[in-house]
Amino acid sequence: MTYSHARFVFVLLLAASLCPALLVSIPAMVDYPNHLARMYLLSEIGAPDANPFYQTAWALYPNLAMDLIIPAMARFVSVETAARIFLLLSQVLIVTGSLAIERSVKGRMQISGFVALMFLYCLPFTFGFLNFEFGLGASLWGIAVMLMLNERPWPLRLAVNTVIVAALFTAHFFALGIYGATLGLIELQRAWDGKTAYRDTAWRLVVLAIPALILLAIMKFTGGGIGGDESVWHLDFKPLWLFIILNAYNMPVSAATVCLLVGFMYFAFKHGVLTVERAGLWLAAGFAFLYVAIPSRLFGTAFVDLRMIAAAAFIVPAFITLTAPTVRWRWAAIACAVGVTLPNLAVIYFVWLSYRADYAAMIASFQHLGRGALVLIGGSDAGDDPPLHDLASYPIYHSPTLGVHYAKAFVPDLFTMAGKQPIRPRPEYERINTPESGPVPVGILVALANGKTADVVPSYISTWPRDFDFLYLLGPRIANPLPNILQEVDSSRRFVLYKIKWTP
């Protein structure tokens, strides 16, 4: 096998990996419909038929990549098309950014592109963290550029770093954190190994930090924010995420392909086929520490620890060298890349294509709402989240938020969290709004409707039969839980739409 064979396989895998974003109008990513709904609102603000329930609230939020880019693109193409272009651009940035880091480290591209394709649909991305995905792609390019400028005069590095930090700060705060952590760890490794004096290292770290500190001060002065203040660790889940990181929809496929990748790496290291540079060891140790130490939910942002795994997968391979001494080892490396990428990609194709009918049915159901309806989202499952073995049911959970566009409705689950999104409900609707939530379990809705109290009741649903006009009940179909209050008006495989008949 020659280099040209590996390049041909990579191009085929890349084409296959980028196609899903082109084949479906609404990718079956958990948060994607919710983000798409917000993009519609931002694009319609000020128009005669704009949604009457929401308003903009701009500030210097470090989470604005798609909020700035997609509405601007929507002046020339539809919002739906602009959102898909944004997703495709994010994926391209991820893959090419990984390659750019490897090129800056080794002077050639070898394994980073293949690893990037393996992780292109990992959990944080299939959950629909679009601003983070775009920001991480930009962060990878920023890291590559700064590594190329490593020995250039500090004024040049400061100027370039300032531009990169400003872009990453605007795109996503955690993408900026990954950029800073990566370059900081590399600088510390160089100082530890005696390649730079400690005084020079301290100055280099100051040059890296100055722009970020200035932007944080401006953000606070202008009333911006990073998000909420909630922090939750979920330490018991951290070992599990390592095995299901590659696939949000199918745990066995993810676990099997993770084991395949780890197995190949073990034997390759054992036989001296894979070698890691010192900087790579520092980065791997640093990301491992961050993964264990960082909360799963930080500043109101979920699955922050998972993002560390993704970042490590796109950065560390640039510091690993594959030296295949025989044709058999070369084919084994290619077989590993294909064996990890294709099964996970096949699941992506199956799930995304299977949701086309569900999203079409959801959009068709909005005609029953009428303009200006107040819409609540409930779940037919006993819990507030689907079980881990059924994560493929997640992508329907935010689809009713598209009603803010198609029916000019109010949906409390629309992402409107202060410090993260520039959309807010108008003051008179704040009482029935929840900026980041999910479907309310049907048991809680039934208890409240019957005058009972639950252990923990969000205030926005305390009087839900009186406050809302319609209820979407998502998940497996069950019998009408409240026949005296709910009248079925539409249904599909994954939801039932009820009209709420409230009488005081």
Short N-O contact, Asp67 and Arg38, less than 4.0 angstrom: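 So Asp67 pairs with Arg38 through a salt bridge.
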Scan the side chains in residues 167-180 for donor-acceptor partners under 3.5 Å anywhere in the protein, sequence neighbours excluded, and list what turns up.
from, atom 1, to, atom 2, distance (Å)
Thr170, OG1, Ala166, O, 2.9
His172, ND1, Phe174, N, 3.2
Tyr179, OH, Asn161, OD1, 2.6

CG-CH2 distance between Leu306 and Trp241, expressed to the nearest 0.5 angstrom: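 It is 5.5 Å, given to the nearest 0.5 Å.
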Plane angle bin for Tyr429 and Phe53 - parallel if under 30°, tilted between 30 and 60°, otherwise perpendicular: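 Answer is perpendicular, since the angle exceeds 60°.
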Mutual orientation of the aromatic rings belonging to Tyr54 and Phe410 [parallel < 30°, tilted 30-60°, perpendicular > 60°]: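 It falls in the parallel class, under 30°.
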Close aromatic pair by centroid cut-off 6.0 Å: Trp352 and Tyr359: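 For Trp352 and Tyr359, the ring centres are not under 6.0 Å apart.
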Validation row, ring centre Phe470 to ring centre Tyr498 under 6.0 Å: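 For Phe470 and Tyr498, the ring centres are not under 6.0 Å apart.
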Spell out, as yes or no, whether a donor-acceptor pair under 3.5 Å connects the side chain of [X] to the backbone of [Y].
X      : Y      : value
Gln367 : Ala364 : yes
Asp305 : Val292 : no
Arg426 : Pro52  : yes
Trp464 : Leu445 : yes
Thr463 : Arg466 : no

Phe125/Ile94 under side-chain contact (heavy atoms from CB on, under 4.5 Å): CA gap, chis, key distance, verdict: CA-CA 11 Å; Phe125 298 162; Ile94 288 288; 4.0 Å; yes
side-chain contact (heavy atoms from CB on, under 4.5 Å) involving Ala256 - partner list, sequence neighbours excluded: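 Ala256: no side-chain contact (heavy atoms from CB on, under 4.5 Å) contacts found.
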[X] to [Y] six-membered ring, cation-pi geometry met (6.0 Å, 45°):
X      : Y      : result
Arg297 : Phe303 : no
Arg307 : Phe129 : yes
Lys238 : Tyr291 : yes
Arg371 : Tyr406 : no

Check: Asn433/Thr416 side-chain N/O donor and acceptor closer than 3.5 Å: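 Present: a donor and an acceptor within the cut-off.
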